[in-house]
Amino acid sequence: QVQLLESGGGLVQPGGSLRLSCAASGSIFSINAMGWYRQAPGNERELVATITSGGSTNYADSVNGRFTISRDNAKNTVYLQMSSLKPEDTAVYYCNAHIRRPDTYYGRNYWGKGTPVTVST
């Protein structure tokens, strides 16, 4: 089994910062891309940022320049540093990772259960 466990969400005032973490655990042979997605009430889940195993990053236009994605391959962990937060950043943030297990030839996408982020006064 493979699990992704997010942490770091919470309530923050506009203009504030939060750091999300997501640790992958279980039967893991390799991890390719990792990323963060978010879903606000009434909206579809959307891409926030992704990072490859080599460190190449991609951001949604709405967060570019304010959020930074990084990863620690030794810890199988991906981070999302969020700064200059806005009320429209309020959502449940989900971790995603493309993981290959030792007993499989191909990897597949796994999702965490999400961590809520609320930006409000």
Acceptor/donor pairs from residues 6-24 side chains to any protein atom, 3.5 angstrom cut, sequence neighbours excluded:
residue: Glu6; atom: OE1; partner: Lys113; partner atom: N; Å: 3.2
residue: Glu6; atom: OE1; partner: Gly114; partner atom: N; Å: 2.9
residue: Glu6; atom: OE2; partner: Cys95; partner atom: N; Å: 2.8
residue: Glu6; atom: OE2; partner: Gly114; partner atom: N; Å: 3.1

- Message: Test side chain to side chain contact (heavy atoms under 4.5 Å, CB included) on Tyr59 and Ile69; report intermediate values, then the result.
- Response: CA-CA 9 Å; Tyr59 295 93; Ile69 190 171; 3.5 Å; yes

- Those residues at least two apart in sequence (or on a different chain) that pass side chain to side chain donor-acceptor pair (under 3.5 Å) with Asn32 are none

- Message: Membership question, hydrophobic clusters at under 4.5 Å side-chain separation (ILVMFWY): are Leu85 and Val92 in the same one?
- Response: no

- Would you find a donor on one side and an acceptor on the other, under 3.5 Å apart, between the side chain of Thr77 and the backbone of Lys75? yes

- How close do Ala40 and Ala91 get, heavy atom to heavy atom, and via which atoms? N-CB, 3.8 Å

- The reported gap from CG in Asn64 to CG in Asn58 (rounded to nearest 0.5 angstrom) is 8.5 Å

- Message: Tell me the closest heavy-atom pair linking Met34 and Asn76, and the distance in Å.
- Response: CE-O, 4.0 Å

- Task: For Arg101, check salt bridge (charged side-chain N to carboxylate O under 4.0 Å, His left out) against everything at least two apart and list the hits.
- Result: Asp103

- Which pairs pass ring pair (Phe, Tyr, Trp, His ring centres under 6.0 Å) with one or both residues in residues 35-56, sequence neighbours excluded? Tyr37-Trp111

- Pairs in or reaching into residues 61-108: which pass ring pair (Phe, Tyr, Trp, His ring centres under 6.0 Å), with residues at least two apart or in two chains? none

- Hey, is CD on Gln39 packed in by over 12 heavy atoms from elsewhere, all under 6.0 Å? yes

- Where is the tightest heavy-atom contact between Val119 and Thr90, given as atom of each residue plus distance? N-OG1, 2.9 Å

- Message: Tell me which pairs pass salt bridge (Lys or Arg N to Asp or Glu O under 4.0 Å) where either residue lies in residues 77-93, with sequence neighbours left out.
- Response: Arg38-Asp89, Arg66-Asp89

- Query: Where do Ile51 and Val78 come nearest, in terms of heavy atoms and distance?
  - Reply: CG2-CG2, 4.0 Å

- Message: Measuring only between side-chain heavy atoms, which start at C-beta, is Ile31 closer than 4.5 Å to Arg71?
- Response: yes

